Amino acid sequence: MERNSTEWFRQAQTYIPGGVNSPVRACKAVGLAAPLFIERAEGCRVWDVEGREYIDYVGSWGPMILGHRHPKVVEAIEKALQRGTSYGAPTPLEVAMAGAIVDRIPSIEMVRMVNSGTEATMSAIRLARAHTGRDKLVKFNGCYHGHADSLLVEAGSGVATLGIPGSPGVPADIARHTLSLPFNDLDAVEATFLKYGPEIAAVIVEPVPGNMGVVLPHDGYLQGLRTITETYGSLLIFDEVISGFRVAPGGAQELYGVLPDLTCLGKIIGGGLPVGAYGGRKEIMCGIAPEGSVYQAGTLSGNPLAMAAGLATLELLGEAGVYERLEAAGAKLFQGLAQAAKAAGIDVVVNRVGSLGSLFFTGSPVTSFETALQCNKDRFVAYYRRMLDCGIYLAPSPFEAAFVSLAHDPGSLEKTIACAAAAFDKLH
Ligand code: KE4
């Protein structure tokens, strides 16, 4: 029997908490009675279970930078599949992936594959604490680094979307080691290090936050974090799960010229299959078992299908002109949205780096979680609903990003802009 999304959601809720396997997908923040259940995807489009077509800017939250079902990624997965799905043993594909990451991410000399961004950041923090012998961790309000206990303090993304203060279940004894500061405020970091510097194992930051909406680092901010952490012997961890291979071939660290001690990756490097990775300087990474004594493991780490999909994706991203095309598509979309909002007399702020961007319903700059919270949420919800009705599939939260892919052709971008113009007109 053909079911619609509402019927699928009803059944899902009987088996799965909230009917979803990740909270933001429930679309509670935008007031949908049921999220769309997606049946298939191709290029820049997804289709729901009722056959309705949407231009997709969620892109599986970042991995689908080439668009869905790129023929070469499909071919790579099918080829790997001929040889099995998982061995629990080393494979040449893992070595190729590690080599590709080391070659492309400036600060990474060694890397360990895991199965999610959460595992990557959780492991990087454990390694930083072991390497420095310190417990405290500095993060930033509105940044989201996955759901490891130490990181669910003042987090962004789904935690911010659902307005959950931290998270129940995180022992106070763990949360107290995490200090969360306003992003883009170096004075706050200086003051915190003056007080706790010798106890701080690491600063973890999204160099281009994508989980409070997209926010750009002020000039000199990332370098300031680098200088302060060096001064106090703390490690700097760049969480590039979103920005890695997205904002530049070598991620934000290449774009801004700041080298962290550890980098966390995910999303794009799996080409849509489960993946994560963390890497950095050899003298730090050799602390990881079995070479060192910091334990981290994973049944499916380096899974051959995920490696094949990720390698095919990285290979295509290495082709000439790819990042210029992503920049041009991102610029076309967001300049079009900004012009349409202006024509309709609607205050919006656009924050964008290449093919990663956000539209905020405000007339003031958005440079931190605190300023992102000031935006007009009601307008966002009305805009989201009208764009969905027009066949545009956006992230159902003002604290997320839009991801433009190589598959977003001019026609799809123009349709998106036209839909937004119509939506803005009705926002008064
Ligand atoms: P995963 O554990 O979801 O693979 O990655 C966690 C993570 C770590 N670091 C950053 C910067 C991230 O953005 C994420 C996850 N991103 C969210 C969307 N903002 C994933 C979507 C979801 O939670 O369903």
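Counting starts at 1 for both ligands and their atoms, following the listed order. Just so it is clear, the model here is predicted, and its values are computed rather than measured.
- Enumerated by chain and number, the residues approaching ligand 1 to less than 4.0 Å through a heavy atom are Ser22, Val24, Trp61, Ser116, Gly117, Thr118, Tyr144, His145, Gly146, Ser157, Glu206, Asn211, Asp239, Val241, Ile242, Lys267, Glu400.
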Worksheet item: Given the rule in the salt bridge (charged side-chain N to carboxylate O under 4.0 Å, His left out) test, do Glu75 and Lys79 qualify, once you have shown the distances and angles that lead to the verdict?
Response: CA-CA 6 Å; Glu75 182 189 356; Lys79 197 168 161 217; over 6 Å; no
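- Under 3.5 Å, the side chains of Ser107 and Arg281 contain no donor-acceptor pair of N or O atoms.
- Between the side chains of Tyr323 and Glu327, no donor N or O sits under 3.5 Å from an acceptor N or O.
- Remark: Tyr54 engages no residue in a ring-ring contact (aromatic ring centres under 6.0 Å, His included) (not counting sequence neighbours).
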Discussion item. side-chain contact (heavy atoms from CB on, under 4.5 Å), that's the test. Do Val49 and Trp8 meet it? Break it down for me.
Written reply: CA-CA 9 Å; Val49 290; Trp8 276 114; 4.0 Å; yes
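- Side chains of Glu206 and Ser243: no donor on one and acceptor on the other come within 3.5 Å.
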